[in-house]
Structure formats: C-alpha cells, structure tokens
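Whatever order the structure lists them in is the order used to number ligands and atoms, beginning at 1.
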Amino acid sequence: AMAGLVSGAASAAAPVSAAGKSEFVTVKKTHFARKGKSYYIAGANFWYGGYLGSPSGVGARARLLKELDTMKALGINNVRVLAVSEKTEMTSAVRPATTNGPGKYDEDLLAGLDFLVDELGKRDMTVVLYLNNFWQWSGGMTQYLNWFEGSKAIDPNVTKDYDDYMAKTARFYANKDAQKEYRGTIRKIVGRVNSINGKAYRDDPVIMSWQLANEPRPGNGKASDKEKAVYTGWIAETAQYIHELDKNHLVSSGSEGLAGSAQDAKLFMASHSSKHIDYLTYHLWPKNWGWFDSAKPVESWDGAITKSRDYLNAHIDMAKTIGKPIVLEEFGLDRDGASFDIKASTKIRDRFYGEIFDLIQRRAAGGDPIAGWNFWAWGGAGRAANADYWWKQGNDFMGDPPQEEQGLYSVFDSDASSLALIKDHAGQLRSLQK
Ligand SMILES: O=C1NC[C@H](CO)[C@@H](O)[C@@H]1O
C-alpha cells in the first residue's frame, strides 16, 4: 500500500478490523483502563524509536528489535516517542528530520514510526507520541516560527539565553500560519495508515495517546497573563482538534507541571481542566532546575530529594482536585561525578530512581490518581562516539537528544543496577493492575 495515506482519504490498505474499544487505553475517573483491567505505566522515554525503525540510512531495525525485547523483558510496557521533527539550522537538533519544510515529509522516517508501532503491538506495549517540541533538539515550535515569521531559529545552546528562547518560542501558539501548518502535520500523523501492517493509526490501540508537544511552556518564567491565556486556549483547542480527528485515543499536553507553567498552579490547573485533555503529565528534573548539584552531591541531596518529593506529591494532589489521572512521564539524574562516561557508576541516580519509584508505588497503591512513570531515558545499546560526548549526524541515537551530552541521562543496557531497579518497580506497578 502507498506509505501512510493522508487523513480523510479512504485507506488503500486492508480495512482495519476495529480493535475492541476496551483494547484502547481509556480513562476511568482517575485511573487508566486497558483490556478490562486498570493500567499503570512502567515506561521509558525513547524519543528516537521511530528513527531506529526507518528503512533508510538512519534506521537500525535490528537494534530496535533488540531494544524492544530488552525493555519488554524488564516489564517496561510503554514508551514515549517523538513522532515528528522539523529540519532546522539550529546546531543541536537531530538530523535528518521528518519535515523538510512545510508539508514536505520524509516518508522513510514516517515508515520508521510505522515499524516501531507495529513492533510494539507484537510485544503488547503502548506508545505516547508527541507531535511537536518546545525545545530546539527536533526543530519544533522555533522552526515553525522560522518558516512563518521569518525569524532566525536561534539555538539556546549557542546563545545560552534560555529566557529569550522561551519567550520567542511561545509566539508559536498565536501564529496563525504556524498553527495551520502544525494542524496539517497533526492530520498527517494522526490520519496515517501504517505502511507495515495496514492499520490506521486512529484505530490502533498500540497508541496510548497523542501529545501536543514535548514540554510546551507558556513562555519563560515571567510569562504575562496574555501569554498564559494564549497557551491555555492553544492546549484546549488543539486537544479538541485531535479528538475530532480521532475518536479512540487519549490526548495529553506533555507539560512538565508547575516548572512548565511559570510556577503558576492556577495556570497548570486551568490549562489542564479542559475536557479535551484526558490526563495530566509532569516531569521532574532536580539537576536541570538547580535543586541538585552534581559537584556537591552529598550537600545538595537532602534539599533535592525533599523538593522532588514535594513536587511529586503536589501534582498528584492537583490531579485529585482536577479528577484526572497523572503520569510522571519524565525524570532523571546524571551519573556519579556528573560523568557522561558509560563506565561511571550510577549510585546516586539509582538512589534517586528508587525514591521516585517508591513514592509513586505507595501513592498508587493507596488509590491516588498517579498512573505510573516513564524514566528519561532509554540509552540501551547506544554508545557515545566523540571524546566531547556531543552528538554528530550519523552517530548512535541514545536517550540524550542532540542538545545534551551523550550519556548525561541515558540508562544503558550495561547499567545493571539501574535496570534491576526498573525491573523490580515495573513489577510492583504491574501487581496493581486488576
Ligand atoms: O524533554 C526534555 N526534558 C528534559 C530532558 C533532559 O534534560 C531533555 O533532553 C528534554 O528536552
């Protein structure tokens, strides 16, 4: 069949036998349900999963199958994956890109996503697909503005001015032409027919949810009321649009929680109360947010873990108030001594993972609306290629996207203690599924 027909057109592929509704992940009050049982996410971030599935040069299908088998054996039941990237001049962005200009898609990379989704189905795993990125490492919203505002796509890794970057990138939400193109890309992906198995994405229960973007923020920490209103409207309208295209799947925002909402709880609650947002997401980054100092791990540990626990609990409590499930879909910490070297130990990271897993397990077992976790991020067999640990086109993909050192947060297949922790806690979450 023609690869990935556009939405609306009758699929040339064999008609999809409508999967039983219950095969889809659905929301039952403040919990997920799947195949007649409650469903908890013991997941990994695997942004490059579609890239590995590509039949073209950038693909590595044998590696992908091995990675999926390794994750499956650990009891990982879900992966969170970048669905589409945009070609950009920004240095620390992935190359090649799915979109090489408005409406110009690389069918080989889209076929990679097809392959990934098909292989996940064979392993009874689900996937969360994010359709854009607030950050530069996949082109994202900034690249849309370069296309439609004509503004230069500035890489904050170069300027080091993240405040300026965030304020500018947030102009994406109100840019009519950018939104029109973004919705075209949404139709392209959501309306896709899998070129491997002929299934329409919208009818495939392997997909758990569509996510508006990776870490969409209203602007920077000083976002104005106007920016917050635009952001809130964008979330509701885009989520509604996706539901119009696809009656089967859940929609989430990809928000980090308060850290991604200018620390404004009212904004986080308001922007996620929309009936078109089915569940809440949040992310936890003690090192990025300055709570943990890798150079002073002992001195900064207590403050970091206390703030982390408070962050975890506060968002579960907000989910309770809003009455929706919430997933901690990103969290991570670097290797001992802030090393990027795969040979460095991971004692502190393991301790951090254990604390997060324990708190989530305890509150989930207590019936609270926390529906699981995705650690950031699966490195598996990926290996850094350069002495400076920066990614260059053609290098292995791993958990750290190109805008970060290759090894910063990745969990590699050789990190035995980390994998043992993940396996143990994936099993604990699974035991809650009734
Ligand atoms: O979505 C993200 N959140 C944090 C990750 C690690 O810093 C980062 O790589 C990614 O952009």
A.B. asks: Where's the contact between N288 and ligand 1, heavy-atom distance under 4.0 Å: side chain, backbone, both or neither?
C.D. replies: side chain
A.B. asks: Considering heavy atoms of the protein only, find what lies nearest to atom 2 (C) of ligand 1 and give residue, atom and distance to 0.1 Å.
C.D. replies: E330 OE1, 3.3 Å
A.B. asks: Would you please indicate yes or no on a ring centroid separation below 6.0 angstrom for F331 and Y353?
C.D. replies: yes
A.B. asks: Does ligand 1 have any atom sitting under 4.0 Å from a heavy atom of H283?
C.D. replies: no
A.B. asks: Establish, for the pair R80 and F46, whether the NZ or CZ atom is under 6.0 angstrom from the six-membered ring centre and no further than 45 degrees off its axis.
C.D. replies: no
A.B. asks: Would you please indicate yes or no on a ring centroid separation below 6.0 angstrom for W373 and Y40?
C.D. replies: no
A.B. asks: Just to check, does Q403 reach to within less than 4.0 Å of ligand 1 when the distance is taken from its heavy atoms?
C.D. replies: yes
A.B. asks: Between H243 and W210, is there a side-chain heavy-atom distance shorter than 4.5 Å?
C.D. replies: no
A.B. asks: Could you check if a side-chain atom of Q136 sits within less than 4.5 angstrom of a side-chain atom of Y165, using non-hydrogen atoms only?
C.D. replies: yes
A.B. asks: Do me a favour and list the nearest non-hydrogen protein atom to atom 11 (O) of ligand 1 with residue, atom name and distance?
C.D. replies: W137 NE1, 2.8 Å
A.B. asks: Counting C-beta onward and ignoring hydrogens, is there a side-chain heavy-atom pair between M208 and F24 closer than 4.5 Å?
C.D. replies: no
A.B. asks: Which residue holds the protein heavy atom closest to atom 7 (O) of ligand 1, what is that atom called, and what is the gap in Å?
C.D. replies: E404 OE2, 2.5 Å
A.B. asks: Applying a 4.0 Å heavy-atom criterion (strictly less than), which segment of A377 is in contact with ligand 1: side chain, backbone, both, or neither?
C.D. replies: neither
